[in-house]
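What follows is a short report on a single structure.
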Protein chains: 2
Amino acid sequence: MAQRGTRHQIVKAADDLFYRQGFEHTSFADIAKVVNISRGNFYHHFKSKDEILDAVIEARLQRTERMLVDWEEEGASPQDRIKRYLRILLTNWTMIKDYGCPVGTLCTELAKLNHGSKDEASKVFTLFRLWLKQQFTLLGCRDEADGLALHVLAWSQGVATLGNAFNDLEYVTREVDKMCAWLDSL
Amino acid sequence: MAQRGTRHQIVKAADDLFYRQGFEHTSFADIAKVVNISRGNFYHHFKSKDEILDAVIEARLQRTERMLVDWEEEGASPQDRIKRYLRILLTNWTMIKDYGCPVGTLCTELAKLNHGSKDEASKVFTLFRLWLKQQFTLLGCRDEADGLALHVLAWSQGVATLGNAFNDLEYVTREVDKMCAWLDSL
DNA sequence: GTCTATACCATGATAGAC
DNA sequence: GTCTATCATGGTATAGAC
C-alpha cells in the first residue's frame, strides 16, 4: 500500500515535470526532490527512467479517456462538446503559454530522441481524434468526420504552438472564437 | 580566414544537429565529430553552448529572410507565393516526419527550458508572419491580413506536428491540397 | 588556431546496510 | 521499503603545450 502510494507519487511528479521541463531535462534528482525520497529508492519502483515515462504516458492516456467520457456527459450537443475541447486552450492558458501543449510537445521531443515510446505517446492524440470524429459523426458529417477531427486537432495544436511562441492570449482568444464560429456554420 | 571557416562549420553542424536531436540533447562531442575538431577547440570560437545557439538562430533568421526574398521573386501571384510556403510541408517531408518543424520544435524546447534565447528563436515565426501578411495584403485582404497570416502559420504548424506524430504523408498531402483550395476561394 | 589533458559536476544506475 | 555510498559515463568548461 505504501509502495503503491510512493509509486503513484513518483508518476504524478514525473508527469508534471516532464510537461514543464521536458522528459530529458528532468532528472531523478528533480523528481526525488518533489516526492521527498532518495535517488536510489527509485529503482525499487522502476527499473529505469524509460519505465517512468511509460507509466506517465499510461496515466495520461487514462486521464484523457476519463476526461473525454466526462465531456461526453457534460455537453448537450456535439457542438457544445467540441467547443469544450477548444476551450482547453483558454482554461489551460497559464500552462500553455509557458510549456505548450502537453501532448504535442512530448510527441515532438520523443520523435527527436527517436525514443521507443513515441508511438505510445501519440496515442493521446488518437484518443482526441476518435472522440472528435465521433462528435462530427453525430453532427451528420459522416464521410468527413475523421478529416474534420484532424482539422480541429491540427488547428488547436498550431494555435497552442504559436500562442506559446508569441505569448499572446488575445490571439488565442480570437482563434478560439473563430473556431467556434466555424463550428456553428457547419 | 581559417577561423571563420571553422566557426562557420561549427554553426552549420550545430544547426543541423539542434534540429535533428534537439538543442539540449546535442553535445559538444556530437558537433566536434561532424566538424572533425577537438572538443577543447570549441572555446576558441564560442564561449559557451548558448553562444553557439545564438549563432545558429542568427543563421536561421538570415537564411529564412533570403528564402522569403527568393519566393517573392519566384511566384507570379501572391497565391502562388503562399502556396510555395505551404508546399514546404511536402518538399521537406522526409525531415518533418522524423524531426518536426524546425521553427516550432526549437521554440517549444527553449520555452520549456525557459531559455534566454527563446524570444530570439520565435523571430523566425515573425519573419514568416510578416511575409504572409504582405502576401494577403497584396491579395486585397488588408484588414484581415495579419489574422490570415497567423491562420496559415498555425495551420501549417499543426499539420507538421500531427504529420510527425502519426507519420502520415497522405494526411499532410490532403491538408496541403485543402489549404490551397481555401486560398483560391478567397 | 589547434591539440591534449584535465577539472568539475550531474547524470542514470547498482549494491548493500538497516 | 528506504536509505547511504558508490560507480561509470558523459556533460560543459578551462589550462596550457605546440
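Every chain is numbered from 1 and lettered A, B, ... according to where its sequence line falls, protein lines coming before strand lines.
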Is there side-chain contact between [X] and [Y], with at least one heavy-atom pair below 4.5 Å?
X: B:Glu109; Y: B:Phe18; value: no
X: A:Gln135; Y: A:Glu72; value: yes
X: A:Val152; Y: A:Phe136; value: yes

Nearest-Å distance for atom pair [atom1]/[atom2], residues [X] and [N]:
X: B:Gln9; N: C:dT2; atom1: CD; atom2: C1'; answer: 13 Å
X: A:His25; N: C:dA10; atom1: NE2; atom2: P; answer: 13 Å
X: A:Phe42; N: C:dT11; atom1: CZ; atom2: C1'; answer: 13 Å
X: A:Glu51; N: C:dA13; atom1: CD; atom2: C1'; answer: 13 Å
X: B:Leu53; N: D:dT12; atom1: CG; atom2: P; answer: 13 Å
X: A:Lys49; N: C:dT14; atom1: NZ; atom2: C1'; answer: 18 Å
X: B:Phe46; N: D:dA13; atom1: CZ; atom2: P; answer: 13 Å
X: A:Asn41; N: C:dT14; atom1: CG; atom2: P; answer: 14 Å

So does [X] get a side-chain nitrogen or oxygen closer than 4.0 Å to the phosphate oxygens (OP1/OP2) of [N]?
X: A:Thr6; N: D:dT2; result: yes
X: B:Tyr43; N: D:dT14; result: no
X: A:His44; N: D:dC3; result: no

### Query
Quick one: which of C:dT2, C:dT14, D:dA13 gets closest to the side chain of B:Ser48?
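My answer, after comparing the listed nucleotides, is D:dA13.
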#### Entry: CD/A:Glu74: more than 12 non-hydrogen atoms of other groups inside 6.0 Å
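Buried by this count: over 12 neighbours within 6.0 Å.
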### Query
Which word best sums up how the rings of A:Trp182 and A:His151 line up, parallel for under 30°, tilted for 30 to 60°, or perpendicular for over 60°?
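Judged by the thresholds at 30° and 60°, the geometry between A:Trp182 and A:His151 is tilted.
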### Task
Name every residue in residues 26-39 of chain A that has at least one heavy atom under 4.0 Å from any atom of DNA chain D, in order of residue number, or write none if there are no such residues.
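Heavy-atom contacts with DNA chain D come from A:Ile37, A:Ser38, A:Arg39.
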### Task
Cation-pi check, A:Arg129 to B:Phe166: give yes when NZ or CZ is under 6.0 Å from the six-membered ring centre and within 45° of the ring axis, no otherwise.
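Relative to the ring axis of B:Phe166, which defines the angle, A:Arg129 lies inside both limits.
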### Query
Are A:Tyr43 and A:Phe28 close enough that their ring centers fall under 6.0 Å?
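Judged by ring-centre distance (under 6.0 Å), A:Tyr43 and A:Phe28 do meet the cut-off.
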